[in-house]
Number of protein chains: 2
Amino acid sequence: MKYSGQIRTLVAVDCIILGFDGEEYKLLLIQRGFAPEKKKWSLMGGFIQPTETLEEAAIRILKQLTGLENVYMEQLHTFSDPNRDPVERTIAVAYFALVDIQKYEKQISKEFHAEWFSLKDTPELIFDHNQMIEMAKNRLRYKAAFHPILFELLPDKFTLPQLQALYEGLYDTLFDRRNFSRKLLSTGLFIKQKEKEKETSKKGAFYYKLDQDRYLSDFQAFLKFIPNPDKLMYQEA
Amino acid sequence: MKYSGQIRTLVAVDCIILGFDGEEYKLLLIQRGFAPEKKKWSLMGGFIQPTETLEEAAIRILKQLTGLENVYMEQLHTFSDPNRDPVERTIAVAYFALVDIQKYEKQISKEFHAEWFSLKDTPELIFDHNQMIEMAKNRLRYKAAFHPILFELLPDKFTLPQLQALYEGLYDTLFDRRNFSRKLLSTGLFIKQKEKEKETSKKGAFYYKLDQDRYLSDFQAFLKFIPNPDKLMYQEA
DNA sequence: TAATAAAATGTAATATTGACACAATTATAA
DNA sequence: TTATAATTGTGTCAATATTACATTTTATTA
């Protein structure tokens with residue numbers, strides 16, 4: 001301790017882990033195993049360790065809970081209300097992660113009493129975790145309107161109707177099927193497969209895959225995935 | 001200290017203070033008065049205090065250096081490399097502020113040896129401060145493409161040519177005067193004044209003011225201030 | 001083989017954008 | 001006094017993108 005006269009604070013990382021089950025958005029929560037607020041639902045989190053960065057901590061915590069690595073994750077915001085944790089002042093850095101819900105390893109959930117909740121029906125959480133989730137939702141809405149980020153939630157192969165459900169679910173609205181597919185396909189990000197998905201409809205819908213090269217090179221490009229984005233996005237909390 | 005077995009860390013706030021002098025973007029830096037890296041240029045910063053939030057700390061630090069309050073400021077990112085500060089591990093939360101450079105109170109700068117630098121010609125700074133500035137530039141480029149944020153840099157009254165210089169400076173490019181003014185004016189954000197600014201040109205250019213009501217209500221609206229935004233924005237560091 | 005359900009493709013009207021030209025204003029010089 | 005020059009303000013048209021809406025295709029099953 002060489003900067004004298006300054007306080008030192010606990011720094012925690014909290015992970016907002018989002019998935020999509022084909023119908024609706026899901027949020028992975030754990031039942032807190034220790035006081036305070038034991039048994040209450042909470043985001044998965046942990047304290048930063050001496051030799052790791054925040055990002056490394058977030059990756060560590062995500063892996064602990066889901067078994068997943070190489071997952072899309074970004075820093076969301078740092079929360080600092082002096083009384084946000086009643087036990088002791090803790091600065092919390094929130095990260096949000098987008099995972100393919102099917103890759104999630106269930107056996108791990110037992111250790112933490114984890115469960116997927118509908119994002120629309122999030123329970124009351126400890127501390128400021130509900131606020132974090134609100135912010136993550138807004139960030140995702142914003143980013144997904146212009147960048148091909150939602151594909152992190154889908155398996156390798158997906159159909160146009162699945163894609164549309166993904167976008168409609170996020171913005172809680174309906175898009176015109178014809179205009180939607182034209183807009184999406186015009187990005188050139190998708191490669192049509194020869195097989196069809198035939199579980200959900202008689203005719204079956206062609207599978208598509210992401211063109212990985214284009215996906216990487218165009219991730220920052222400014223695409224427009226939805227019409228009238230300003231009417232569908234909300235201010236960050 | 002009630003969460004046992006966890007380390008506590010210093011938490012600092014660093015402020016990226018940006019201005020525009022009519023010609024180019026400026027960055028307010030201080031000459032560090034204490035070790036390490038004494039005399040080297042640095043962002044203005046400070047440690048968070050026990051009873052304040054990060055945002056309050058940022059506001060406090062900004063006021064200390066500039067005398068300004070009610071300034072546009074947003075949290076940028078939290079930096080956490082364990083070795084970013086060689087003296088002691090410090091987590092740094094960067095904020096960026098947009099100020100009207102004319103309102104800045106010069107007498108204050110003497111205390112901190114502060115100076116405005118051209119953003120294009122930023123000197124080498126301590127720690128990871130150059131990286132913070134890169135990220136702030138990218139964030140500003142991104143946000144300004146769609147939200148009326150740059151007006152925080154201008155005085156109450158401004159002309160269309162000034163406005164265009166503001167945007168051209170940020171994106172380091174030239175826009176067609178006619179298309180630019182059409183796009184900007186079509187947002188309905190501006191109220192034409194009767195007076196002209198006659199310093200810089202023979203003919204003089206009409207002043208405009210922001211329609212404050214619309215500005216507040218449309219701040220989150222999704223406008224498009226520049227053509228081909230994707231060609232002008234860069235990935236965040 | 002006809003009916004049905006869902007996916008895929010097509011088209012015309014409208015709105016937005018981008019490229020470009022010309023007119024208006026006024027200090028300064030001829 | 002008038003011409004010049006520099007800069008601001010406004011206008012037009014073609015190309016492009018978007019929206020709203022209809023029809024055709026595919027495969028199942030009655």
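Numbered from 1 within each chain, the chains take letters A, B, ... in sequence-line order. As the structure is a prediction and not an experimental result, all values here were calculated from the model.
Each of A/A205 and B/D176 was assigned the nucleotide of DNA chain C with the nearest heavy atom; the assignment lying further toward the 5' end belongs to A/A205. Comparing A/K183 and B/Y207 along DNA chain D, the residue whose closest nucleotide (by nearest heavy atom) sits nearer the 5' end is B/Y207. Across the interface with DNA chain D, nearest-nucleotide mapping of B/Y208 and B/T200 shows B/T200 to be the residue nearer the 5′ end.
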For residues 93-104 of chain A, which side-chain donor-acceptor pairs fall under 3.5 Å, sequence neighbours excluded?
| residue | atom | partner | partner atom | Å |
| --- | --- | --- | --- | --- |
| A/Y95 | OH | A/E55 | N | 3.4 |
| A/Y95 | OH | A/Q75 | OE1 | 3.3 |
| A/D100 | OD1 | A/Q102 | N | 3.0 |

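Relative ring orientation between A/F117 and A/W41 is described as perpendicular, the plane-to-plane angle rising above 60° on a 0-90° scale split at 30° and 60°.
Between B/L184 atom CG and C/dG18 atom P the separation is 13 Å, expressed in whole Å. Distance CG (B/L185) to P (D/dT10): 8 Å, rounded to an integer number of Å. The distance from atom CD of A/E195 to atom C1' of C/dA7 is 17 Å, rounded to the nearest whole Å. Whole-Å rounding puts the A/F175 CZ to D/dA20 P distance at 12 Å. Taking atom CG on A/L163 and atom P on C/dA7, their separation rounds to 13 Å, with Å as the unit. Rounded to an integer number of Å, the gap from B/N179 CG to D/dT10 C1' is 12 Å. Distance CD (B/Q162) to C1' (D/dT8): 13 Å, rounded to an integer number of Å. Rounded to whole Å, the distance from CD on A/Q164 to P on C/dA7 is 9 Å.
The aromatic ring centroids of A/F151 and A/F190 lie less than 6.0 Å from each other.
The stretch residues 183-208 of chain A participates, sequence neighbours left out, in these salt bridge (Lys or Arg N to Asp or Glu O under 4.0 Å) pairs: A/K157-A/E195.
Proximity of a side-chain donor or acceptor of A/N130 to a complementary backbone N or O of A/L125 within less than 3.5 Å is detected. A donor-acceptor distance shorter than 3.5 angstrom exists from the side chain of B/Y171 to the backbone of B/A145, with no hydrogens or angles considered.
Side-chain polar atoms of A/S80 and B/T53 form no donor-acceptor pair below 3.5 angstrom.
In the set C/dG18, C/dA8, C/dT11, C/dT11 carries the atom at the smallest distance from any side-chain atom of A/R182.
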Using a 4.0 Å cut-off on protein heavy atoms (strictly under), produce a 5'-to-3' string for nucleotides 21-30 of chain C with B for base contact, S for backbone-only sugar-phosphate contact, and - for none. B--BBBB---

